Chemist: 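I have a structure here, written as structure tokens, and I will follow up with some questions on it.
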Amino acid sequence: MNQFSYVRPASQQAAIDAITRDSSARFIAGGTNLLDLMKNGVLAPEKLVDINRLPLKNITLNNNILHIGALTLNSEVAAHPLVKTHHPLLSQVLLAGASQQLRNMATTGGNMMQRTRCSYFYDITMPCNKRTPGSGCSAIGGINRMHAIFGASDQCIAVHPSDMCIALVALDATVLVAGPKGNRRIPFGEFHRLPGNTPDKDNNLGKGELITGIEIPHSPFTQNVYYLKVRDRASYAFALVSVAAALDISNNTIRGARLAMGGVAHKPWRLHEAEKTLIGKSPTADNFRIAATVATQSARTYQHNAFKVPMAQNSIVTALQKAAAV
């Protein structure tokens, strides 16, 4: 067993200082992913900084902006009346993720920080550029059924596992961050990274920075929303393909649309061009199929995951139809 020290600071600044001083230290809250990584030998931090005493567990609405503290549990967010009223899509995606037991432990910030579930990343006997930069990507020539069809590189084809993040990118959320250089705000679509030549970097947090919360602006997407998650079993499984769909419909015309996908890229995948094709159109299956075709034009497949393209197209159409029918 690898030895590590454990500290539980009482203030945000003390937590940031503790991480900044130790290059191998990691924040821990629910630990639902970090502890797995430690048990499998993927990570071996020399210090864990427990942030559960920090006052970051809250859900408030001010000036039509929903604020969710980073330590708010996934189960609390999913069930909260403000979330269900103003952003029901977020509630839906959270209830589709993991299991009730995990949702009772997993935090909002931790959900954003979770690592890929690529089996080669978890198998420390196999080359993996995300785990050991420069060692190679075993998935490219291996079993890549679960892997990316968008935004991958010759260094990594892993996908981001979160359901929650698919809704947050669709809803134009903002990530609130504190660190040694002060506070800053990161648009959610810019928080996670594509692999490029640095697949070991999952996001754009700087050294010592701590997620303190997220903000979601007011939107008209309070009724016609749907989250479709296609997976190998009905619960406690990661998505092969998932679609978050939100429509603003008036007089049988789509006035606004949001589409994002999970299970298909190294980051939550927003479908901006497909959204544009829907504006001003009627909510019909034909128009939804056009959007699905546009959404998958840049797809690149590998030996075992070509099925994801038609699955993605069909899932987009189905999610839009379900959303329109609410």
Side-chain angles (χ1 to χ4, degrees), residues 59 61-68 77-97 150 162-174 187-189 214-230 239 241-265 268-299 309-326:
I59 300 176
L61 184 70
N62 293 303
N63 298 320
N64 279 328
I65 296 175
L66 185 71
H67 175 93
I68 302 174
V77 177
H80 200 281
L82 286 175
V83 176
K84 295 171 74 174
T85 299
H86 295 275
H87 299 290
L89 182 62
L90 178 56
S91 180
Q92 283 190 26
V93 300
L94 284 167
L95 292 174
F150 298 114
S162 173
D163 293 291
M164 181 193 77
C165 292
I166 309 308
L168 292 178
V169 75
L171 294 170
D172 286 333
T174 298
F188 201 90
I214 58 170
E215 288 182 349
I216 309 175
H218 172 74
S219 79
F221 306 108
T222 57
Q223 180 176 345
N224 296 109
V225 301
Y226 194 81
Y227 184 62
L228 177 66
K229 184 175 182 179
V230 182
V241 167
S242 64
V243 180
L247 297 171
D248 178 20
I249 302 173
S250 178
N251 297 321
N252 201 42
T253 300
I254 299 171
R255 296 169 45 182
R258 300 287 175 83
L259 282 170
M261 296 189 71
V264 295
W269 196 250
R270 181 78 176 268
L271 304 173
H272 290 286
E273 294 305 314
E275 292 172 1
K276 293 176 184 177
T277 68
L278 293 170
I279 306 303
K281 306 290 179 56
S282 57
T284 65
D286 286 342
N287 287 329
F288 295 159
R289 280 191 283 269
I290 292 171
T293 299
V294 170
T296 54
Q297 283 178 340
S298 63
V309 176
M311 179 178 283
Q313 292 173 339
N314 292 334
S315 297
I316 291 168
V317 172
T318 300
L320 286 168
Q321 288 177 319
K322 295 281 190 180
V326 174

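Computed from a predicted structure; not experimentally measured.
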Chemist: For Ala246 and Val225, which heavy atoms make the closest approach, and how far apart are they?
Modeler: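 Distance-wise, the nearest heavy atoms are CB-CG1, 3.8 Å.
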Chemist: If I compare all heavy atoms of Cys165 with all of Ser162, which pair ends up nearest, and what's the gap?
Modeler: N-OG, 2.9 Å
Chemist: Looking only at heavy atoms, what is the nearest atom pair of Ala257 and Leu278, with distance?
Modeler: CB-CD1, 4.0 Å
Chemist: Please give me the minimum heavy-atom distance between Val169 and Gly189, naming the atom from each residue.
Modeler: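 In terms of heavy atoms, the two residues are closest at CG2-CA, 3.9 Å.
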Chemist: Sequence neighbours left out, what passes side chain to side chain contact (heavy atoms under 4.5 Å, CB included) with His272? Give chain and number order.
Modeler: Arg270, Glu275
Chemist: Test side chain to side chain contact (heavy atoms under 4.5 Å, CB included) on Asp248 and Phe221; report intermediate values, then the result.
Modeler: CA-CA 6 Å; Asp248 178 20; Phe221 306 108; 3.9 Å; yes
Chemist: Determine the sole option in Asn252, Asn224, Thr253, Leu320 for which the side chain to side chain contact (heavy atoms under 4.5 Å, CB included) test with Pro283 is passed.
Modeler: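 Passing option: Asn252.
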Chemist: Check whether Arg258 reaches the backbone of Ala170 with its side chain - one donor and one acceptor, N or O, closer than 3.5 Å.
Modeler: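 Side chain of Arg258 to backbone of Ala170, a donor-acceptor pair under 3.5 Å: yes, one is there.
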Chemist: Applying side chain to side chain contact (heavy atoms under 4.5 Å, CB included), name anything that partners Thr284, two or more places apart in sequence or on another chain.
Modeler: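 If we apply the side chain to side chain contact (heavy atoms under 4.5 Å, CB included) test to Thr284, skipping adjacent residues, the hits are Ser282, Asp286, Asn287.
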Chemist: Hey, could you give me the CD/CD1 distance between Gln223 and Ile249, rounded to the nearest 0.5 Å?
Modeler: 8.5 Å
Chemist: For Ala274, enumerate each residue passing the side chain to side chain contact (heavy atoms under 4.5 Å, CB included) test, keeping only those at least two apart in sequence or located in another chain.
Modeler: Leu259, Leu271, Ala291, Ala295
Chemist: Taking all atoms of both residues into account, what is the closest heavy-atom pair of Pro268 and Phe188, and its distance?
Modeler: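 Pro268 and Phe188 have their closest heavy atoms at CG-CE2, 4.4 Å.
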Chemist: Stepwise, does the side chain to side chain contact (heavy atoms under 4.5 Å, CB included) test hold for Asp172 with Ser219?
Modeler: CA-CA 9 Å; Asp172 286 333; Ser219 79; over 6 Å; no
Chemist: Kindly compute the distance separating CG (Leu61) from CD1 (Ile68), expressed to the nearest 0.5 Å.
Modeler: 10.5 Å
Chemist: Only pairs at least two apart or in different chains count here, so list each side-chain hydrogen bond (donor to acceptor under 3.5 Å, both in side chains) that has a residue in residues 311-326.
Modeler: Thr296-Gln313
Chemist: Taking all non-hydrogen atoms of both residues, which atom of Ile166 and which atom of Gly262 are closest, and how far apart?
Modeler: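 That would be CD1-CA, 3.5 Å.
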Chemist: Which pairs would a plain distance check flag for residues 81-96, meaning a side-chain donor or acceptor within less than 3.5 Å of a matching protein atom at least two apart in sequence or in another chain?
Modeler:
from, atom 1, to, atom 2, distance (Å)
Thr85, OG1, Pro81, O, 2.8
Ser91, OG, Ala78, O, 2.6
Gln92, OE1, Tyr227, N, 3.0

Chemist: Name all residues meeting the ring-ring contact (aromatic ring centres under 6.0 Å, His included) criterion together with Phe150; count only those two or more places apart in sequence or in a different chain, and write none if there are none.
Modeler: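 Listed in chain order: Trp269.
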Chemist: Hey, could you give me the CD1/CG distance between Ile214 and Leu66, rounded to the nearest 0.5 Å?
Modeler: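 Separation between the atoms: 7.5 Å.
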Chemist: CG/Asn62 to CD1/Ile65 distance, rounded to the nearest 0.5 angstrom?
Modeler: 8.5 Å
